Amino acid sequence: MMAAVATNRKNTNLQAVEKRKRRSSDKPVSSCNNDSSTISRHSAARKVSIGREYHTRCRGSLRFKLLVRASVSKRKPKPRDCCGNNEEINREASNLFGRSKAALRFDRDDCKILVEKDSSTWGVRNCYNNLKASLLRSIEEPFIPLKEEELAEVKTAFSGRNRMKLLVSHRNSNIDICGETLQCLMPTRWLNDELVSGSCYNYQAVRRWTTKRKLGYDLIDCDIIFVPIHGCLHWTLAVINKRECKFQYLDSLTGVNPTVLNDLAKYLVDEVKDKSGQNIDVSSWDIEYVKDLPRQQNGYDCGMFMLKYIDFYSRGLRLQFSQKDMPYFRLRTAKEILRLRAQ
């Protein structure tokens, strides 16, 4: 009996020892697993933290970009440069409003024209649209189609039954226009010249053409004087450019004529002497044969090209027309003569 109890105790003790051994052997393994799991948890947490930080930065960057984009979109856009540079706009605006260039300037950012009221104050006039419209009209106006009633008026004047009829008179210049003269503007016809008085320069023959009573102003006060030249079968244009101190020659067939420009210099000296009693010296003036010109493509439109050189130059426009515009220009010129008004 005693032996059986001892055996049982021994077995119990052995079992207890085995349990302690298993516990002690399990501890390192359990500790290692715990450390690994802890490291895994820390790594995962760090990854989550890094991921959150990354996304936060991305969202912040995105919000910053959106903010910048919104602020840029709120900025006032600059107006389109549709009317040239500030210098050109100031010059055109001064012409439109009758003010000197120094008293008027253009604010491109606000699309406003600033008009100087006095030496210390600037007033603001919101007239950009009016200025733009006026500039566009000045460019488009030379090509506005004739109205039906205007075409009918010209067609009637071109009629054969009006060939000898007096159509219109200009009292100041004492010029009468009959149907035969106006009909020189019909398609393919040559412009006539009733002013020829010989092939040599003769100031006395043209002296009375430029009186103040006929012109309404003094010719010598003009900055630019246009002189149509008819040389036998061809029309050209000579220009006395007092503003730039030069004589210019425009030929739709690219010709040159030194004799004409020499006579023009003599004419200016004689005209100033006759009308003002003063003597001027033009020996230092330049001679220019203008090359960049619209050219005629036939043998009968030289007169119309000459008239359109004058028309566009006097408007301050570039010579932007061509041969295909000549039929329209003939009708338009006839209409302007009949109404004694160049538009």
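Atom set for the values below is all heavy atoms of this structure, side chains included, hydrogens, waters and symmetry mates excluded. This one's a predicted model, so the numbers in the text were calculated from it and none came from an experiment. Numbering of residues begins at 1 and proceeds along the displayed sequence.
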Donor-acceptor contact below 3.5 Å, side chain [X] vs main chain [Y]:
X	Y	answer
Q296	N298	yes
Y328	I144	yes
Q297	Q323	no
S276	V272	yes
D218	I220	no
Q183	S159	yes
N162	T156	yes

Using the rule that Ile, Leu, Val, Met, Phe, Trp and Tyr join whenever any side-chain heavy atoms are under 4.5 Å apart, tell me whether [X] and [Y] fall into a single cluster.
X	Y	result
L182	M164	no
I175	I310	yes
I337	L340	yes
L293	Y300	no
V256	L253	no

Which residues share a salt bridge (Lys or Arg N to Asp or Glu O under 4.0 Å) with [X], sequence neighbours left out:
X	result
D301	R330
K308	D311
R207	D274
R243	D223

Pairwise ring pair (Phe, Tyr, Trp, His ring centres under 6.0 Å) hits with a residue in residues 237-262, at least two apart: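 Sorted pair list: F247-W285, Y249-Y289.
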Pair Y313-N241, side-chain donor/acceptor within less than 3.5 Å: no
Other residues, nucleotides, ligands: >12 heavy atoms within 6.0 Å of [X] [atom1]:
X	atom1	result
E148	CD	no
D221	CG	yes
K324	NZ	no

Do [X] and [Y] make a side-chain contact, defined as non-hydrogen atoms from C-beta onward lying under 4.5 Å apart?
X	Y	value
N279	V269	no
W190	C302	no
V282	L268	yes
W235	L191	yes
L185	V154	no

Steps toward salt bridge (charged side-chain N to carboxylate O under 4.0 Å, His left out) verdict (R332, E141): CA-CA 11 Å; R332 181 189 176 105; E141 203 282 331; 2.8 Å; yes
Do you know which two heavy atoms are closest between [X] and [Y], and how far apart they sit?
X	Y	answer
R189	C184	CB-O, 3.5 Å
A238	I229	CB-CG1, 4.0 Å
F305	S252	CB-CB, 3.8 Å
M306	T236	CG-O, 3.3 Å

Ring geometry between F329 and F321 (parallel below 30°, tilted from 30 to 60°, perpendicular above 60°): perpendicular
Aromatic ring pairing Y203/Y267, orientation class (parallel under 30°, perpendicular over 60°, tilted between): tilted
For T211, side-chain hydrogen bond (donor to acceptor under 3.5 Å, both in side chains) partners two or more places apart: none
